[in-house]
Amino acid sequence: MTTAALTAGLERIPDQVGYLVISEDGVLASAGELENDEHTAGVMMQMARTACRFRLSGSTDAPFKRMSVILEDFVYVVTISGQKVFVVKRQNNQHEPVNV
């Protein structure tokens, strides 16, 4: 699969500042703030592996479809599809609630 096919659509995600496409063999594609970020790739892969171990008893569904790691200034959104882990780093634009 070509890099363009792997990353199709990732560039168009709103507020996206970087992405990683990871397989068991390592980083397949990266851009923006996550370009060549092997450390973040390793951390996200370990988190995805850990999350995949959690299954509800009797369930045949995948353990999760999307995982979000929410930090103060940005969010990592992790999706597994076709033996690949897609990680997108987005600006966290959540605003504090307004008390009236």
Side-chain angles (χ1 to χ4, degrees):
M1 184 176 285
T2 66
T3 301
L6 283 174
T7 61
L10 294 176
E11 296 282 348
R12 295 191 309 262
I13 295 174
D15 301 321
Q16 174 266 128
V17 295
Y19 63 80
L20 293 163
V21 180
I22 315 164
S23 74
E24 288 294 332
D25 298 326
V27 176
L28 301 175
S30 62
E33 291 183 11
L34 297 179
E35 189 164 7
N36 299 320
D37 191 341
E38 297 284 339
H39 176 73
T40 299
V43 169
M44 291 298 164
M45 277 298 280
Q46 189 59 45
M47 289 176 73
R49 283 188 198 106
T50 301
C52 283
R53 288 189 208 126
F54 296 105
R55 287 198 183 266
L56 298 175
S57 61
S59 176
T60 58
D61 295 334
F64 71 94
K65 292 181 182 182
R66 182 170 296 132
M67 176 174 60
S68 297
V69 179
I70 302 170
L71 303 170
E72 186 173 342
D73 296 327
F74 52 89
V75 176
Y76 291 105
V77 181
V78 181
T79 304
I80 297 177
S81 177
Q83 303 298 317
K84 292 174 187 62
V85 176
F86 295 83
V87 178
V88 176
K89 182 179 180 181
R90 298 178 68 185
Q91 291 290 328
N92 187 359
N93 290 328
Q94 290 184 332
H95 301 288
E96 292 295 319
V98 177
N99 294 322
V100 184

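Start at 1 with the first residue, then count along the sequence.
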- Task: State the CD-CZ distance between E33 and R90, to the nearest 0.5 angstrom.
- Result: 14.0 Å
- Item | Hydrophobic cluster identity match, I13 and L28, side-chain contacts under 4.5 Å | yes
- Message: As an exercise, state the distance from CZ of F74 to CD of Q91, rounded to the nearest 0.5 Å.
- Response: 9.0 Å
- Task: Output the distance between atom CD1 (I80) and atom NZ (K65), rounded to the nearest 0.5 Å.
- Result: 13.0 Å
- Query: What about L20 and V43, same hydrophobic cluster or not, with Ile/Leu/Val/Met/Phe/Trp/Tyr joined at side-chain heavy-atom distances under 4.5 Å?
  - Reply: yes
- Rounded to the nearest 0.5 Å, how far does CD of E24 lie from NZ of K84? 11.5 Å
- Item | Distance-minimising heavy-atom pair for A51 and M67 | CB-SD, 4.3 Å
- Message: I'd like to know whether M47 forms a side-chain contact (heavy atoms from CB on, under 4.5 Å) with V78, so could you lay out the CA-CA distance, the side-chain angles of the two residues, the decisive distance to 0.1 Å, and finally the verdict.
- Response: CA-CA 9 Å; M47 289 176 73; V78 181; over 6 Å; no
- Message: Assigning hydrophobic clusters by single linkage (Ile, Leu, Val, Met, Phe, Trp, Tyr; side-chain heavy-atom cutoff under 4.5 Å), is F86 placed with V77?
- Response: no
- Report yes or no: do V27 and V69 belong to one cluster of Ile/Leu/Val/Met/Phe/Trp/Tyr joined by side chain heavy-atom distances under 4.5 Å? yes
- Item | ILVMFWY network linking V17 to L71, side-chain heavy atoms under 4.5 angstrom | no
- Task: Please test K89 against V87 for side-chain contact (heavy atoms from CB on, under 4.5 Å), starting from the C-alpha separation and ending with a verdict.
- Result: CA-CA 7 Å; K89 182 179 180 181; V87 178; 6.0 Å; no
- Item | Heavy-atom side-chain proximity of M45 to V85 below 4.5 angstrom | yes
- CG on N36 to CD on E38, rounded to 0.5 Å: 7.0 Å
- Going through the distances and angles, do D73 and N92 end up as a side-chain contact (heavy atoms from CB on, under 4.5 Å)? CA-CA 5 Å; D73 296 327; N92 187 359; 5.8 Å; no
- Message: Any side-chain to backbone donor/acceptor pair from S68 onto I70? Under 3.5 Å, distance only.
- Response: no
